[in-house]
Amino acid sequence: MTSIGIIGSGFGAIAVAVELKRSGHTDIRLWERSTDLGGVWRDNTYPGAGCDVPSPLYSFSYEPNPRWTRRYALQEEIHAYIRSVADKYGISPLVRFGAEVVAATWDEDSSTWSVRFDDETVETVDVLVSAVGQLSRPALPGIEGVDSFTGTSFHSAEWDHTFDATGKSIAVVGAGASAVQFIPHLARDASRLVVFQRSPNYLMPKPDKPYKPFHKTLFKFLPISQRIERGGIWAIMEQFARGLDAQSRVGRINGVIARRHLRKQVKDPSLQALLTPDYPIGCKRILFSNEFYPALAQDNVQVVPHRVTRVTPTGVVDADGVEHEVDAIIYATGFDSQDFLESIDITGVGGQKLATQWADGAHAYLGMYVPNFPNLFVTYGPNTNLGGGSVIYMLEAQARHMRQAVDRLEAGSYASVEVTQAAEQAYDQELSHKLDHSVWGSCDNWYRHPSGRITSNWPGATLPFAQATKVLEPTAFHWS
Ligand code: NAP
């Protein structure tokens, strides 16, 4: 029986564990550095945290949830959902908490991974699955003096719930997906809110609505109704993803909708101008909110169209050199998305380091398999993030492919599987060609490695990824 170790316990980890368990694999263990499972949905507890992908699609296909309270569920509900799936499929007891993986080394003689933890303990497994995600390490890019601030400060992913915003003057650094969700809440309580916006985003209306008892009853007793809703949302999101190109018709329509949303919600022409992006739509993640613009238009809110360069003991200094004195600073500056697995020291065949192999940006066959690293499967790996659509759909596709790899290892009594250099290179060439023609090259965004390579995103709709991963192609791998 193949032993499988999974790093993490977020959606990616649970997707793989459930898939393997459902197909009869039992030697599965998950290692979680924290004290609870859930990944980003455990960590991001800021006010208003939620998902801007509708919940019927932002859930496992085999585990619809008729109890969603609204179309766009909030963090607590999503976290409860992932926990309930882990419980239902018997995954929760397989998680070892407080277990931070610091290194993993491939042993060529035994064809196993030796996995080392921060407490110096070691476990050995046949197959190692990384499910550490792309957005789990909060980042404070290029801001000096962060530690010198004497007031309250924290990152949006590490929200300090003892902090009371009432009557405070607060600086919010960043205006991305997280900031858009919590700024309306802060704006209600703070006496003064200064939002440092390095670049504006395209923002679209969010077609959110609470599900009434009627919907819940329908979803429960006629599950096909929820499947139909999921299918409809999926079809719309596929068009949205295909339209992530400013030149496309859908892209142009999205641009019109976003500009109209801005004009409708913000009447002040100078604020409108500050909030109008100067790059093609789709290049940065398109955001959804009905409350963000009205919050920015409030009298107690100021938008500073500059980056923060420095923090002083009493405030922040913007790129124009102006100091803004505040009681608190909240960093909504995103994550070390290019880190991938760099925080873990991974050594493959012949002492090859993964960090070295990925020095110019991560790349992997189907986003999952890396030459020189046998029996290492990466979920939510390079080029599997989406500009539009549900990443859970992608994670399920990856899990199914990984399950096929484990099944074949066992069926053929193989000890290891390693993608061939040729297969990985051919895949990467085709992918790079598509990425070169994508909208993401036309502005700064977190999808790109400093080398210029777009390492985060999958180009286009999700169906082609599901098709590419549906059946494992044995000749793409060495089996030994
Ligand atoms: P983000 O979207 O990367 O936003 C970071 C923000 O910080 C950007 O506005 C960035 O400006 C700004 N910034 C960085 N350094 C700065 C500086 N020195 N001064 C001023 N501004 C600075 O990060 P996030 O909001 O945490 O979201 C990260 C990702 O998490 C999202 O893209 C999304 O994939 C995921 N997420 C998803 C949801 C959801 O609803 N599904 C919600 C939240 C997050 P620039 O734009 O100029 O870089």
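Just follow the structure's listing: the first ligand is 1, and inside any ligand the first atom is 1. Atom set for the values below is all heavy atoms of this structure, side chains included, hydrogens, waters and symmetry mates excluded.
- Contact annotation: Cys51 has at least one heavy atom less than 4.0 Å from an atom of ligand 1.
- Relative orientation of the Phe240 and Phe288 rings is tilted, given thresholds of 30° and 60° on the angle between their planes.
- From the protein, the heavy atom lying nearest to atom 18 (N) of ligand 1 is Val308 O, 3.0 Å.
- Using modelled atom types, one finds a donor on one side chain and an acceptor on the other under 3.5 Å when comparing Tyr380 with Asn385.
- Close approach of ligand 1 to Leu135 (heavy-atom distance below 4.0 Å) involves ligand atoms 29 (C), 30 (O), 34 (O), 35 (C).
- Numbered from 1 in the order shown, with element, the atoms of ligand 1 that lie under 4.0 Å from a heavy atom of Gly174 read 6 (C), 7 (O), 9 (O), 12 (C), 21 (N).
- Protein heavy atom closest to atom 3 (O) of ligand 1, with residue, atom name and distance, is Trp446 CD1, 3.3 Å.
- A donor and an acceptor atom, one from each side chain of Thr455 and Gln338, are located under 3.5 Å apart.
- Using a 4.0 Å cut-off to heavy atoms of Asp52, the atoms of ligand 1 that qualify are 39 (C), 40 (O), 41 (N).
- Between atom 14 (C) of ligand 1 and the options Arg198, Lys206, Gln75, Lys284, the minimum heavy-atom separation is to Arg198.
- Nearest-residue assignment for atom 7 (O) of ligand 1 (options Ala332, Gly176, Cys443; heavy-atom criterion): Ala332.
- Tyr211 and Glu229 form a side-chain donor-acceptor contact under 3.5 Å, judged by distance and modelled atom types alone.
- At the shortest separation from atom 36 (N) of ligand 1 among protein heavy atoms lies Ala177 CB, 3.9 Å.
- The pair Arg42-Glu32 meets the salt-bridge criterion, with a side-chain N (NZ, NE, NH1 or NH2) lying under 4.0 Å from an Asp/Glu carboxylate O.
- For atom 23 (O) of ligand 1, the nearest non-hydrogen atom of the protein is Gly334 CA, 3.2 Å.
- Residue Glu63 qualifies as enclosed at atom CD: its count of foreign heavy atoms under 6.0 Å is above 12.
- The shortest separation from a heavy atom of Gln197 to ligand 1 is not under 4.0 Å, leaving the residue out of contact.
- Between the side chains of Thr462 and Glu238, a donor-acceptor pair is found at a separation under 3.5 Å.
- Of the candidates Ile14, Asp36, Leu30, Leu30 is the only one forming a side-chain contact (heavy atoms from CB on, under 4.5 Å) with Val95.
- Using a 4.0 Å cut-off between charged side-chain N and carboxylate O, Asp208 and Arg70 make a salt bridge.
- Using a 4.0 Å cutoff on heavy atoms, Gly50 counts as a contact of ligand 1.
- Contact between Tyr46 and ligand 1 is present, with at least one heavy atom of the residue lying under 4.0 Å from the ligand.
- Heavy-atom proximity to Val173, at under 4.0 Å, picks out these atoms of ligand 1: 17 (C), 19 (N), 20 (C), 21 (N).
- Close approach of ligand 1 to Ile143 (heavy-atom distance below 4.0 Å) involves ligand atoms 18 (N).
- With ring centers used as reference points, Trp358 lies 6.0 Å or more from Phe373.
- Here the side chains of Val308 and His324 are not in contact, with every heavy-atom distance at 4.5 Å or above.
- Counting heavy atoms under 4.0 Å from ligand 1, residue Arg285 touches it through the side chain alone.
- Ligand 1 is never approached by Ser156 to a heavy-atom distance shorter than 4.0 Å.
- The option from Ala175, Pro138, Gly387, Ser178 that lies nearest to atom 25 (O) of ligand 1, judged by heavy atoms, is Ser178.
- A heavy-atom separation below 4.0 Å is not found between Asp444 and ligand 1.
- When each atom of ligand 1 is checked for a heavy atom of Ser199 under 4.0 Å away, the hits are 45 (P), 46 (O), 47 (O).
- Heavy-atom proximity to Gln181, at under 4.0 Å, picks out these atoms of ligand 1: 40 (O), 42 (C).
- For Ser270 and Asp268, the side-chain atoms include at least one donor-acceptor pair closer than 3.5 Å.
- Using the six-membered ring where Trp is involved, Phe377 and Tyr369 have ring planes that are perpendicular, over 60° apart on the 30 and 60° scheme.
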